[in-house]
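Working notes for the structure below.
Order of the sequence lines fixes the chain letters, A, B, ..., with proteins taken first and strands second; residue numbering starts at 1 for each chain. Predicted, not measured: the structure shown is a model, and the values here were computed from it.
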Amino acid sequence: MAGQRTESYDFASIEARWRDSWQERGFFRVDTAARDQTFYYLNMFPYPSGYLHVGHGRNYIIGDVLTRMKTMRGFRVLNPMGWDAFGLPAENAAIDNGTHPRDWTLANIARSREQFRAWGVQFDWEREVTTCLPEYYRWTQWLFLELYRHGLAYKKKAVVNYCPNCQTVLANEQVVGGQCDRCGTAPEPRELAQWFFRITAYAERLLADLDRLSNWPENVVKMQENWIGKSVGAEVTFRTERGDDLVVYTTRPDTLWGATFMVLAPEHPLVDELTTPEHHAEVAAYRDQALRASNIDRLSTEREKTGAFTGAYAVNPVNGARIPIWIADYVLMTYGTGAIMAVPAHDERDFAFALKYGLPILPVIQRSDGRVRAFVPTRAIERAFAEQMTAAGLAVAEVDGGFVVDFDAADMDRAVRLIQSDLQSRAWASVAGARCAFIFHDAVVPLDSAAADHEIVARCALLGGKSFRGRTAMEILHQIPAYGGLLFHADLGTMQNSGPFSGTPGEKAKDAVTAWLEAEGKGKKAVNFRLHDWLISRQRYWGAPIPMVYCDACGEVPVPYDQLPVLLPDVEFIGKMGLADIPGYAETTCPKCGGKARRDTDTMDTFVDSSWYYLRFINPHDDERAFVRDDVDRWLPVNQYVGGVEHAILHLLYSRFITKALYDMGHAGFEEPFARLFTQGMICHPAYRCPKHGWIHPSEVAAGDTCAKCGSPLAVGSMKMSKSKRNTVDPAEIIARYGADAERVYTLFMGPPDRDIDWAEEGIRGAFRFLQRVWTLVVGHVESLAPLGKTADVGSLDDEGRALWRRYHQTVRKVTEDLETRFSFNTAVASIMELVNELAPYADRPDADPALLRETVDGLILLLSPLAPFLGEELWRRVGHSESTLEVAWPGYTEAALVEDAVEIPVQVNGKLRVRIAVPPSVAADAEALRAAALDHPDVKARLAGVKLLKAIAVPNKMVSLVVQ
RNA sequence: GCGAAGGUGGCGGAAUCGGCAGACGCGCUAGCCUUAGGAGCUAGUGCCCUCGGGCGUGCGGGUUCGACUCCCGCCCUUCGCACCA
């Protein structure tokens, strides 16, 4: 066939021929003065580690496809690239390689640029920004000063997370699962004076404006919502017996009457003063142990609750009850007020704590399901008990050691009376659930107060029975298996045992109690956020210096704007070091008084660098301003932002905060930086871990998944590609073997771009074969094409020609839609493949219509050109054109071509597909006509012979559904 | 525990608004062509089958003429958060 005669697909020389053409012609240079049809596409800029693997490629290839396609659609597409170039990895790599972080970083940038070039991925390189260069970080420092000037940057002494391995503090967001985000070490708490950005001032807006981000993935929005963690409740002031005010935060003011003790965080400032002498040793020991324990231990919910009694008491402001004050590490100093009122009946943690330490548990909220269960021990009653209960209409069942009677809260009084009447004189029974009470032969004691709790415990002790003893009534109930799951609940239910508020329904309870607290001056409504202020100081060298000076006379003095940048000293890099380790760096003069002063020796978190870079791309070379308001207002918010989900919280939250702050300062006219966000999935590849040698390269894997070095069995699993796991695939090898176009097409085709997916070598061969077929098809039929500009004369085509013509126009529509609005690259590729599958046999026909071939072959090349740009350019010239595909308008389609000659309509009988009938489009589009046509069709008639037709439903253009008897 | 996403052939996946399940590709089978290949071409490929059909989208129900799709209840996988009062 054609394959033997045509020249073969020499991707290497094709790609070499076009690789630099696009940059040379400046197709991706954008004039930001442009006003119409602008589109700002942005990839999250990479950390220049010097090696981008095929997984990184996915991100940039998607962006390149869209940029090329949108350019052909007539947009001025700004797609810039920069480098998030400060930070620890550069320092660590520099230490390993005995070089300077700057040299390592700049060399890597050059290498990465080369990788983009090999991929054919294009950017407006004239706008390249590099965060570690003074011309950029000068403006990062400007940003810091602006935040400072507006009260949004402040220095404070605080207990912060310090990573001993990285030798620097970390932001809250950088402690993931109790470990340093970077190195996995458990950070230790340290009290240090550090710079913070007041992101909490924006907590409410950052939360509220999530509603505007309808074009963000829902999970990212949810993650931010959870991270901000707004909760509404009340602050209630308890008074200690010594006379201190002890303020607690609670989301459940309605449970106040059930507060039977208080718990302070071990590091709470009042602990020392409150602790009585006889409890001092125990409290001190507990606190030391708690502070030493890393966050990891404190974080586990599984862990048993521990604590220590201070010996002190407070008074419950709502009922005057005297309640003990404890300390426990399940209360965090960093949330709320660092102190809680414990309501063990309705808080799971308090419940566990109270059971362990024998503290009273008083139910004050009814279960919302109203369920009540009585447990009656066998020896407490007569033999006929069950029969009597049944006769009274109560559900009774025998269980181990006795009977349970289940009823509704409304039936409580009657049921309790009945049980009591059966009770032996020295026995007792109990009731738990929506209501809680103990039944004695001479009294029924509801568990409604501390006094009742005492009475119950005393009576039970008196009655004996070694099995049911406890320090509290609830502890006694807890020993009865039949009550499993009934003793604790956290429902919002009707209040009970709560003085004047008893009977208040659940949905009103919180507000009613809060209003009352405010009126009484005992508390007030309060809102709490999980979000903390952003700690931005870092004690490491490779970052933007914090532009602040400390003067004995003037105090804290910001570096004047005209003295920026505060340069990172160009010194020999000697390993893990900070600016404080550089002799002479700190020495300076006070900008205010000219006296001797010291510079701040910390650098900024790299997330500060990346929190505003999208603005700098608009005016990257302006040395007067960070950015120009008019210009950024025209280009931002970014139309399409693309990156990994791993930035769902840190970078994306910080950027939103900075944008809002800049908006408030009048520097920008928009409040959200990224209008549309897409988070692409990771590419995974098998990774092998040897118990002795750690992550090993596939070349070191012996047969049967054992280590070639030591023979140990390996742990194998598909994991996100990363250098450290040694499971990356080098794009250079793929490109050498199959070409960049094949890698691009495979990357797009492998699956939906937001999903994680395994890299498979076989898959890329499929993409390669496809490109080869396109090559053979086009190059082999150049002679058969009509002159440039000809399009098919539909009227003169035969059936196959018309089918191909329609297929072509359908493909144009599908590819356009898939790329531009659906982000569905895999189906776009699939539909182009289908077109090729239909075009190839037609083109081989000796009587193929030259004009149709011209139209479809030209269109095919254009549709393919954003995906496989090298092949696109080459073929475009081969078929006679002289311009670049980027200068040609994206193909359009004709509506008329989407209409079929005859529509095949499936006919269902009783829900099963039985017959397909072909009808003209006009019939298919009309329900009545379609039904008639179906019923008239011989095959359908045959199906209906001898049965009774009950219903015939015709759905225009879709199907006919017949229901028979 | 809370939140999110997902579960479809041997594999990656498609089915966009409730309307022909499995597009497209990989792999596999057979044949052709070459015959050193991981090259090319053609045909086939969800499962079962008595060849008429039957069964099939994690499981169990429901709504509907019709359900991968909607509703209810479960199970499993992945991710994020997690003693947040």
[X] has a side chain; which of [options] sits nearest to it?
X        : options                : result
A:Ile757 : B:rA4, B:rG13, B:rA85  : B:rG13
A:Ile649 : B:rC26, B:rG80, B:rC24 : B:rG80
A:Asp329 : B:rC83, B:rG25, B:rG53 : B:rC83
A:Tyr330 : B:rG53, B:rA14, B:rC83 : B:rC83
A:Asp818 : B:rU16, B:rA85, B:rA15 : B:rU16
A:Arg530 : B:rG19, B:rC65, B:rC84 : B:rC84
A:Lys305 : B:rG27, B:rC83, B:rC65 : B:rC83

In whole angstrom, give me the gap between the [atom1] atoms of [N] and [M].
N      : M      : atom1 : value
B:rG62 : B:rG1  : P     : 29 Å
B:rC47 : B:rG9  : P     : 12 Å
B:rC70 : B:rG38 : P     : 46 Å
B:rU63 : B:rC72 : C1'   : 11 Å
B:rC79 : B:rA30 : P     : 41 Å
B:rC65 : B:rA82 : C1'   : 48 Å
B:rA21 : B:rU69 : C1'   : 11 Å
B:rG13 : B:rC83 : C1'   : 42 Å

Look at the side-chain N and O atoms of [X] and state whether any lies under 4.0 Å from the OP1 or OP2 oxygen of [N].
X        : N      : value
A:Arg755 : B:rC79 : no
A:Arg769 : B:rG38 : no
A:Arg349 : B:rC84 : yes
A:Gln908 : B:rG19 : no
A:Tyr335 : B:rA85 : yes
A:Asn226 : B:rA4  : no
A:Arg765 : B:rG27 : yes
A:Asn910 : B:rG66 : no

Can you measure [X] atom [atom1] to [N] atom [atom2] for me and round it to whole angstrom units?
X        : N      : atom1 : atom2 : answer
A:Met959 : B:rA67 : CE    : P     : 10 Å
A:His647 : B:rC81 : NE2   : P     : 13 Å
A:Gln772 : B:rG25 : CD    : C1'   : 16 Å
A:Glu762 : B:rC11 : CD    : C1'   : 10 Å
A:Glu225 : B:rC84 : CD    : C1'   : 15 Å
A:Lys958 : B:rA15 : NZ    : C1'   : 11 Å

Verify whether one side chain among [X] and [Y] offers a donor that lies under 3.5 Å from an acceptor in the other.
X        : Y        : value
A:Asp491 : A:His346 : no
A:Arg530 : A:Asn226 : no
A:Tyr893 : A:Thr811 : no
A:Thr237 : A:Asp245 : no

Partner nucleotide, any strand, of [N] [Watson-Crick/G-U, under 3.5 Å]:
N      : result
B:rG31 : B:rC41
B:rC49 : none
B:rG1  : B:rC81
B:rC26 : B:rG10
B:rC68 : none
B:rU63 : none
B:rC74 : B:rG58

Item to check | Within 6.0 angstrom of A:Glu348 CD, more than 12 heavy atoms from elsewhere | outcome: no
Item to check | NZ/A:Lys525: more than 12 non-hydrogen atoms of other groups inside 6.0 Å | outcome: no
For [X], which contact category applies under a 4.0 Å heavy-atom criterion: base, sugar-phosphate, or nothing?
X        : result
A:Asp758 : nothing
A:Lys814 : base
A:Pro752 : sugar-phosphate
A:Tyr738 : base
A:Ile905 : nothing
A:Glu348 : nothing
A:Gly766 : sugar-phosphate
A:Val963 : sugar-phosphate
A:Arg737 : base

Checklist entry - Considering heavy-atom distances to RNA chain B, does A:Phe749 or A:Phe768 have its closest nucleotide positioned more toward the 5' end? => result A:Phe749
Item to check | Position toward the 5' end of RNA chain B (nearest nucleotide), A:Met223 or A:Arg822 | outcome: A:Arg822
Item to check | Worked verdict on A:Arg931 versus A:Val960 for side-chain contact (heavy atoms from CB on, under 4.5 Å) | outcome: CA-CA 7 Å; A:Arg931 181 185 0 250; A:Val960 175; 5.6 Å; no
Checklist entry - Has the side chain of A:Lys222 got a donor or acceptor atom sitting under 3.5 Å from an opposite partner on the base of B:rC81? => result no
Next on the checklist: At less than 3.5 Å, do the side-chain atoms of A:Tyr746 and the base atoms of B:rG12 form a donor-acceptor pair?
Outcome noted: no
Next on the checklist: Using side-chain heavy atoms (C-beta onward) and a distance below 4.5 Å, is A:Phe238 in contact with A:Ile323?
Outcome noted: yes
Checklist entry - How about A:Phe823 and A:Phe825: are their ring centroids closer than 6.0 Å? => result yes
Checklist entry - Between A:Phe11 and A:Phe768, is the ring centre distance below 6.0 Å? => result yes
